[in-house]
Amino acid sequence: MRRLFLSLAWLMAFATSAFAQDLQSILQTHAEEVAKPSRNSVGVVMDDLVASGLPQTTAFLEQWAERNIWQNDETGSFFIGIEDGDDLTLTDIDSGEETSVSADGYSQLRPNGGVRRVIGTALVQFQLSDPDPERRLSALESIGRRADASQLPLLIASLEGEDDAAIRARKEQLINFLTARFGENTDDRIAAINSLSKDTSVEARAVLNQILATEVKIADALPQDDNVADVINTLSDHTAYYAQLVDADLAPAMVSSGDVLAALEANVVEGRVGGIPLAQLNSEDARNAAYVELAAAGTVPPLVTADDVTATLDDFYFYSAYDEPDAAITDAARAALDSVETRVGWSQFLDLSLDGLSLASIYFLAAIGLAITFGQMGVINMAHGEFIMMGAYTGYVVQLFVPDYTISLLIALPLAFAVTFGAGVAMERLVIRHLYHRPLETLLATFGISIALQQIAKNIFGTQARPLTSPEWLSGALVISDVIQISYIRIAIFVLALIFLCVLLYILKRTRLGLEVRAVTQNPGMAASMGINPDRINMMTFGLGSGIAGVAGVSIGLYAQVTSEMGANYIVQSFMTVVVGGVGSVFGTLAGAGLIGFLQKGIEWLNPSNTLAAQTYMILFIILFIQFRPKGIVALKGRAAAD
């Protein structure tokens with residue numbers, strides 16, 4: 001008997017399941033409402049579709065909202081249809097079977113905007129519990145864009161059984177947002193609002209601003225039943241506020257002097273206007289008096305004087321009232337928004353500091369090579385920017401032969417150092433060594449070399465910018481919050497700048513080459529008497545500075561355009577960095593890069609629409625700074641300082 005009962009139960013479940021899988025049957029039950037829906041009648045259809053729980057319902061609702069549902073005029077059956085000229089490609093809404101038929105005999109369903117919104121609400125309910133995580137995320141993004149009170153219970157219901165941690169967190173966040181705006185319980189809303197006081201996201205701020213939305217109102221007394229946000233002082237603009245009274249039919253319109261003249265001209269009777277002879281209307285007071293007489297007779301609108309405007313405004317209150325009637329809610333939202341804005345302010349300061357640090361690391365990389373050639377040797381090398389350009393083009397050429405961007409970058413960095421080191425040594429041997437202690441001739445010679453190198457680069461690579469692609473692991477940005485983020489390339493440049501700082505300090509402080517460089521810098525005669533070859537040290541020093549510029553070129557080329565003129569964009573900043581920091585000091589160069597980087601970003605923040613003006617102000621500041629501290633932040637003793 002028990003076995004028979006179990007068999008019958010299984011058969012009933014199978015029959016129920018088989019029936020439940022037939023979406024067409026449910027639609028035929030409401031064929032009229034589906035074919036010609038209205039916002040009031042479609043709710044019954046939605047209730048049955050939601051209750052069915054059929055997986056194919058989601059696809060049907062999506063296509064219905066997109067107006068891709070067609071009905072057979074003869075049988076009344078519904079299909080998903082795609083037009084192809086005069087033919088239709090029909091898809092069975094239950095089996096998914098496709099057929100191609102003539103469009104004759106089929107009618108397209110065209111739900112209006114109100115019906116489509118109802119469909120969208122029902123569709124969200126299905127999508128929130130869809131097995132596909134992408135569909136659930138899509139539904140959540142749709143709710144985030146168009147939040148509605150009806151979505152709150154759907155979100156809460158879908159939270160149970162959500163096994164994806166990221167999607168669950170997003171659902172909880174949206175539940176918090178919707179509870180803050182549409183919750184039925186005041187305590188729940190205040191709790192949700194208070195939880196937003198630490199959320200600096202754009203969405204959280206938008207929710208709080210929506211709760212604090214206001215409307216300007218006018219009344220002869222402040223109403224007790226309005227949640228007043230602020231009483232407006234009309235003294236700031238009498239004319240504008242009086243115009244609002246006129247628009248609200250609470251005061252007569254103002255009459256301009258031109259309207260007064262036109263009214264007087266139109267009402268001249270036997271040489272008089274309002275009983276005043278025309279000959280006496282030679283002043284504004286007289287014309288106004290004549291106009292008042294006409295107004296008293298009802299001929300023209302009354303004249304409104306400045307005193308009338310002030311008196312009328314004194315009789316009314318202009319105030320902004322919250323759309324939210326509960327003062328406890330708006331007080332909590334205002335406190336939360338103030339807290340968020342404070343956090344956003346600090347976050348913006350931190351983000352600006354990161355930008356300044358990033359720019360400082362770029363300037364440090366570009367200037368550190370110059371700090372050696374100019375700071376240690378006293379050589380004004382105007383071709384320093386072209387060594388940066390040569391390094392960037394070296395990286396580009398390596399990527400032409402090594403398509404793996406990570407490997408090509410590892411090859412390009414030492415190769416760029418070798419290429420520019422060799423170019424620097426050749427330049428020192430052929431030109432610079434003949435011009436020591438002749439700064440003007442050195443400047444002119446290196447400036448001519450920079451022009452020649454630019455032209456050679458144009459002849460080889462053309463005038464178009466060449467791509468120097470960063471590895472995939474350097475793409476994107478580190479997002480700390482909606483306010484604070486920094487690209488991985490800039491982080492990599494900052495790390496590279498730190499590495500170069502440590503390596504350069506090690507070379508100068510811990511190696512024989514560094515010892516000899518410092519000896520030649522401080523006293524070349526004494527260094528020569530101790531067996532040090534100043535010519536060799538000068539050659540190695542110039543080559544080292546040029547090689548570092550080449551490595552900087554690879555780094556800068558990862559985010560900047562690689563062109564023949566790219567070095568010219570950094571030569572001025574490089575010299576400013578070295579001079580401001582202190583000629584010949586590595587730590588001075590670091591300090592100078594930090595000062596210029598942070599200063600430029602700060603000025604750009606104050607004047608974001610004009611970066612050229614920001615650079616101009618920065619240069620003016622540097623000029624003033626040098627007037628008060630000509631030896632820079634970190635002064636150095638020795639030949640460089642003496643020069």
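- Under the 4.5 Å side-chain criterion, counting only non-hydrogen atoms from C-beta, Lys198 is in contact with Arg343.
- Put simply, the side chain of Met427 does not reach to within 4.5 Å of the side chain of Glu386, judged on heavy atoms.
- For Thr577 (side chain) and Gln573 (main-chain N/O), a donor-acceptor pair under 3.5 Å exists by modelled atom type.
- Atom CD1 of Ile368 is separated from atom CG of Leu501 by 7.0 Å, given to the nearest 0.5 angstrom.
- Considering only heavy atoms from C-beta on, Leu140 comes within 4.5 Å of Ile167 through its side chain.
- Between Asn233 and Phe318, the closest side-chain pair of non-hydrogen atoms is not below 4.5 Å.
- Nearest heavy-atom pair, Ser555 versus Tyr559, reported as atom, atom and distance to 0.1 Å: O-CD2, 4.1 Å.
- Taking CG of Leu444 as the start and CD1 of Ile449 as the end, the distance is 11.0 Å to the nearest 0.5 Å.
- Heavy-atom neighbours of Gln210 CD from other residues, nucleotides or ligands within 6.0 Å: above the threshold of 12.
- For the atom pair OH (Tyr363) and CD (Gln600), the distance works out to 3.5 Å, reported to the nearest 0.5 Å.
- In terms of heavy atoms, Ser546 sits closest to Gly424 at OG-CA, 3.4 Å.
- Look at Arg170 and Glu141 and you find a salt bridge, because one of the NZ, NE, NH1 or NH2 atoms lies within 4.0 Å of a carboxylate O, short of that distance.
- Across Asn194 and Ala332, no two heavy atoms sit closer than the pair OD1-CB, 4.2 Å.
- Taking both residues in full, the closest heavy atoms of Asn381 and Ile571 are given as O-CD1, 4.0 Å, listed atom of the first, atom of the second, then distance.
- Heavy-atom contacts from other residues, nucleotides or ligands closer than 6.0 Å to CZ of Phe447 number 12 or fewer.
- Taking 4.5 Å as the limit, some side-chain heavy atom of Asp535 sits within range of a side-chain heavy atom of Arg429.
- Between the side chain of His384 and the backbone N or O of Ala366, at least one donor-acceptor pair lies under 3.5 Å.
- Salt-bridge formation is detected for the pair Lys458/Glu565: a Lys NZ or Arg NE/NH1/NH2 atom is positioned less than 4.0 Å from an Asp or Glu carboxylate oxygen.
- Between Tyr506 and Thr511 the shortest side-chain heavy-atom distance falls below 4.5 Å.
- Nearest approach of Ile493 to Ile362, heavy atoms of both residues: CG2-CG1, 3.9 Å.
- The backbone N or O of Ala549 lies less than 3.5 Å from no partner atom in the side chain of Thr420, so there is not a single donor-acceptor pair.
- Between Asn176 and Glu172, the side chains place no donor N or O within less than 3.5 Å of an acceptor N or O (distance only, hydrogens not considered).
- For the atom pair CG of Asp323 and CD1 of Ile211, the computed distance is 11.5 Å after rounding to the nearest 0.5 Å.
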- prompt: Going through the checks in order, is the side-chain contact (heavy atoms from CB on, under 4.5 Å) test met by Leu505 and Phe587?
  reply: CA-CA 9 Å; Leu505 287 175; Phe587 285 110; 3.5 Å; yes

query: Does the side-chain contact (heavy atoms from CB on, under 4.5 Å) test come out yes or no for Phe177 and Asp199, once each step is laid out?
result: CA-CA 11 Å; Phe177 290 164; Asp199 190 344; 4.0 Å; yes

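- Geometrically, Arg466 does not engage Tyr393 in a cation-pi contact, judged by NZ or CZ lying under 6.0 Å from the ring centre and within 45° of the ring axis.
- Residues Asn538 and Glu428 form a side-chain contact, since some pair of their non-hydrogen atoms from C-beta on lies under 4.5 Å apart.
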- prompt: How far apart are the C-alpha atoms of Glu472 and Tyr405, what are their side-chain angles, what is the distance that settles it, and do they pass the side-chain contact (heavy atoms from CB on, under 4.5 Å) test?
  reply: CA-CA 8 Å; Glu472 186 176 351; Tyr405 296 138; over 6 Å; no

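- A donor-acceptor pair under 3.5 Å is formed between the side chain of Asn227 and the backbone N or O of Glu324.
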message: Would Leu350 and Trp346 count as a side-chain contact (heavy atoms from CB on, under 4.5 Å) here? Give the steps.
response: CA-CA 6 Å; Leu350 181 57; Trp346 282 109; over 6 Å; no

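- Other residues, nucleotides and ligands contribute only 12 or fewer heavy atoms inside 6.0 Å of the OH atom of Tyr317.
- Within the model, atoms CZ of Arg490 and CD of Gln485 stand 12.0 Å from one another, a figure rounded to the nearest 0.5 Å.
- If you take OG1 on Thr239 and OH on Tyr241, they are separated by 12.0 Å, rounding to the nearest 0.5 Å.
- Distance alone, capped at 3.5 Å, is enough to place a donor-acceptor pair between the Thr442 side chain and the Arg438 backbone.
- Side-chain atoms of Arg205 do not come within 3.5 Å of backbone N or O of Leu337 as any donor-acceptor pair.
- Residues Ala445 and Leu435 come closest through the heavy atom pair CB-CD1, 3.8 Å.
- Within the 4.5 Å cutoff, no side-chain heavy atoms of Val398 are placed close to those of Val554.
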